[in-house]
Amino acid sequence: MANRSRGFYWKLALTNLRNNRRVYLPYILSSIGIAMMFYIMCALGPGIDQENMYGGASVSSMMFLGSIVIGIFSVLFLFYTNSFIMKRRKKELGLYNILGMEKRHIAKVILRETLMVAVLCIVLGLGLGILFSKLMFLVLGKVLGLELPIAFIVPSSAVISTVALFFCIFFATMLYNILQVRLAKPIELLHGGETGEKEPKAHWLLAVLGALLLGSGYYIAVTITSPLDALMFFFVAVILVILGTYLLFMTGITAMLKILKKNKKFYYKATHFTTVSGMLYRMKQNAAGLASICILFTALLVTVSTTFSLYTSMDDLIRTRYPRNVLILSRGANDSAKEAIQTIAEEECEKVGKEPLQLLERSYWNCSMNRIGNDFTPLEGAYMYDSSGSYSTFTLFTLEEFNRFSGQNETLGDNELLLSDPRGTFPADNSITISGREFSIRRTDYNMDDGEGSAMIYDIYYVVVPNMETVEFILEPTGNVLDPLYSYDFDIDGEQEDIAALGSAIRYRFSEAFPMEGVEFDSLQAEDSASSYEDFFSLYGGLFFLGLFLGFLFLLGTALIIYYKQVSEGYEDARRFSIMQKVGMSHKEVKKSIHSQILLVFFLPLLTAVLHLAFAFPMLQKILAVLNLVNVQLILLSTLGCVIVFAIAYAIIYAITAKTYYKIVESAAD
């Protein structure tokens, strides 16, 4: 008898799902899409080759933090969609109760319904996530022509995390649904789906809290000056903006509509009356969907615009990093080593019939500094970094060395320095203090910047000191050795293949020629722009692949949520517009009201997403500087291009899904 009873509950649950497929199908599709998104975010991190991909560990960590953000989003959105289904089904559940089914029996039916939906969504979400990942790896790998530093794998940790999270979400929604049924009276359940919403209260405290959270996220994004701090606080700002967006959409917009309603001159006009009152009563159910669309679309714009900026800037990045085609760097090289390096480089150039151009040969020291105003303290050794200051570096040249490689004829006193500030970050003062010793400074227009300095994410200054005694004074607190760095850099007139071949030949000669009698150095390396281009292409191509991958994922999620929103709210609004026609509103006026409300909910998430991106831009610019991209104009143009392209895609998705809304509402109105 007990087995027969259990079978009855399963059959009834299946029948209920089948009979309510109009509301359950969009819910199931959205849940599958969200589960798929979460799985893919969890699966991408372990697939990143952290050893061979520059910044791979950071990218992997960002994927992990991204999965947390998607997890929070999943909880918020699925509770929102579940509340719509329960409202639609209250009459059906109330009828069961009146016909003799006890609430504990209804709870058993809800338990089985939730279990079937949960298993279906989790299994299909995982399956489609794996399939979608494989398909995108194949397609984007072919299109970009990349050997990706990201492997396609199915990590058990991602599967377990997805199952655990969505089981908990569905379990929580089931408890919420059962609690609603248990606390409600049968007559309340019977008329629950027909009960009109009360005018929502303007929760001013929550609206202020939402504004504070959003403002805090914006403040972090705009005020952070250090690229390293931008990396650390990026996801803090993201979570603040997400929470602030949800609160403001759910409370702030209601408060704004109430203010408009109190303005009698504005409110008591036919078009304003129907739009404001309609939006006011719709906003409680509308807000979570609009906020979800806004958050996903913001994620789409941020992800694609940043990775696209990197991918399109590779040539610019290579030229910034390598102002000359071949860079040879040695530490602690004696005079014999310098002669040997020059000789090998010249011989290899002669073998390929190339002449070194724009040759730059120089010796220097690098020193890390903590800067507070114009007071500089060398780091390391007894000196520790003061968080109240800012991190910068000095590249030191002796006056004799500077005059030799620059062709200048400068003179300096014992407490006088020559300063080159290519980025213009140093104040126009006439003196600085280093380790308590004051130096007067003169500026030089001679460009001493090199590729390595151009790629640095912190301030770098080129300083010419009068003699070795001053070098020793500056370097002594750091505990660094006084062996200078020696660089021998030059261009050649040739194609990429020529540059790569020359760089390879020089590296081979270095490995064969040393050790050599009389030649001493601590380290020796040779780089060339052509060989490094392949590494850059692998890094930024891999990031662009990741950006496109996540972009398609977020676009798919946006489309699913918009579709769900149009269907669910279409059924909610159908009865309202039908009543409006019966009390005298013309069909044309009803269509106009529908159109104005759809336009409003179309533009609201789009404009808010663009606003989020605008405030995030300074922080994104700092993060891109970590990856050597400092061309602000290129970043801005790439971002604007992505906004235009995806705004068009967003409009197309909204136009297609709006037809579903129109059909549902007009069928009831007719």
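All values below come from the heavy atoms of this structure, side chains included, with hydrogens, waters and symmetry mates left out.
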Of the non-hydrogen atoms in [X] and [Y], which two are nearest, and what is the gap between them?
{"X": "Ser363", "Y": "Pro484", "answer": "CB-CB, 4.5 Å"}
{"X": "Phe521", "Y": "Ser330", "answer": "CB-OG, 3.5 Å"}
{"X": "Ser305", "Y": "Leu613", "answer": "OG-CD1, 4.4 Å"}
{"X": "Pro618", "Y": "Ala221", "answer": "CB-O, 3.7 Å"}
{"X": "Ala526", "Y": "Ile506", "answer": "CB-CG2, 4.1 Å"}
{"X": "Ser431", "Y": "Ile441", "answer": "N-CG1, 3.9 Å"}

Practice problem: Kindly confirm or rule out a cation-pi arrangement of Arg437 over Phe473, judged by NZ or CZ under 6.0 Å from the six-membered ring centre and within 45° of its axis? | Solution: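 Yes - Arg437 lies over the ring of Phe473, closer than 6.0 Å to its centre and within 45° of its axis.
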Quiz prompt | Sidechain N-carboxylate O distance under 4.0 Å for Lys338, Glu361 | solution =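 No, no charged N to carboxylate O under 4.0 Å.
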Quiz item: Less than 4.0 Å between a side-chain N and a carboxylate O, is that true for Glu348 and Lys351?
Solution: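 Yes, Lys351 and Glu348 are salt-bridged.
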Considering only heavy atoms from C-beta outward, does the side chain of [X] approach that of [Y] to under 4.5 Å?
{"X": "Glu497", "Y": "Glu495", "result": "yes"}
{"X": "Val464", "Y": "Thr444", "result": "no"}
{"X": "Leu301", "Y": "His612", "result": "no"}
{"X": "Phe510", "Y": "Ile341", "result": "yes"}
{"X": "Leu418", "Y": "Tyr446", "result": "no"}
{"X": "Pro466", "Y": "Leu417", "result": "yes"}
{"X": "Ser440", "Y": "Asn430", "result": "no"}
{"X": "Phe617", "Y": "Ile635", "result": "yes"}

Donor-acceptor pair, [X] side chain versus [Y] backbone, under 3.5 Å?
{"X": "Ser504", "Y": "Ala501", "value": "no"}
{"X": "Asp489", "Y": "Arg362", "value": "no"}
{"X": "Thr306", "Y": "Val302", "value": "yes"}

Quiz item: Picking from Asn325, Leu502, Leu357, what satisfies side-chain contact (heavy atoms from CB on, under 4.5 Å) with Phe490?
Solution: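 Option passing the side-chain contact (heavy atoms from CB on, under 4.5 Å) with Phe490: Leu502.
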Quiz item: Can Glu527 and Tyr322 be counted as having a side-chain donor-acceptor contact under 3.5 angstrom?
Solution: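 On atom types as modelled, these side chains qualify, holding a pair under 3.5 Å.
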Self-check item: Full working for side-chain contact (heavy atoms from CB on, under 4.5 Å) between Glu410 and Asn403
Solution: CA-CA 7 Å; Glu410 295 284 354; Asn403 284 336; 3.7 Å; yes
Check whether more than 12 heavy atoms from other residues, nucleotides or ligands sit under 6.0 Å from atom [atom1] of [X], and answer yes or no.
{"X": "Gln408", "atom1": "CD", "result": "yes"}
{"X": "Glu350", "atom1": "CD", "result": "no"}
{"X": "Glu347", "atom1": "CD", "result": "yes"}

Self-check item: Chi angles and distances behind the side-chain contact (heavy atoms from CB on, under 4.5 Å) call for Asp414, Glu469
Solution: CA-CA 9 Å; Asp414 287 341; Glu469 286 77 15; over 6 Å; no
Quiz item: Can you list the steps and then say if Glu401 with Arg404 is a salt bridge (charged side-chain N to carboxylate O under 4.0 Å, His left out)?
Solution: CA-CA 5 Å; Glu401 177 68 4; Arg404 183 194 64 78; 2.8 Å; yes
Looking at [atom1] of [X] and [atom2] of [Y], how far apart are the two atoms once the value is rounded to the nearest 0.5 Å?
{"X": "Phe615", "Y": "Leu620", "atom1": "CZ", "atom2": "CG", "result": "13.5 Å"}
{"X": "Leu412", "Y": "Arg442", "atom1": "CG", "atom2": "CZ", "result": "5.5 Å"}
{"X": "Phe646", "Y": "Ile652", "atom1": "CZ", "atom2": "CD1", "result": "11.5 Å"}
{"X": "Met468", "Y": "Trp365", "atom1": "CE", "atom2": "CH2", "result": "4.5 Å"}
{"X": "Phe514", "Y": "Arg509", "atom1": "CZ", "atom2": "CZ", "result": "8.5 Å"}
{"X": "Leu555", "Y": "Thr303", "atom1": "CG", "atom2": "OG1", "result": "12.0 Å"}

Quiz item: Where does the angle between the aromatic ring planes of Phe394 and Phe376 fall among parallel (under 30°), tilted (30 to 60°) and perpendicular (over 60°)?
Solution: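 Plane angle between 30° and 60°, so tilted.
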Practice problem: Any chance you could lay out the side-chain contact (heavy atoms from CB on, under 4.5 Å) test for Asp498 and Val352, step after step, and finish with the verdict? | Solution: CA-CA 8 Å; Asp498 300 325; Val352 295; over 6 Å; no
Practice problem: Test ring pair (Phe, Tyr, Trp, His ring centres under 6.0 Å) on Phe402 and Phe397 and set out the steps. | Solution: CA-CA 6 Å; Phe402 171 73; Phe397 301 93; 7.2 Å; no
Exercise. Report the C-alpha distance between Ile474 and Val463 in whole Å, list the side-chain angles of each, state the deciding distance to 0.1 Å, and finish with yes or no for side-chain contact (heavy atoms from CB on, under 4.5 Å).
Key: CA-CA 11 Å; Ile474 294 173; Val463 181; 5.8 Å; no
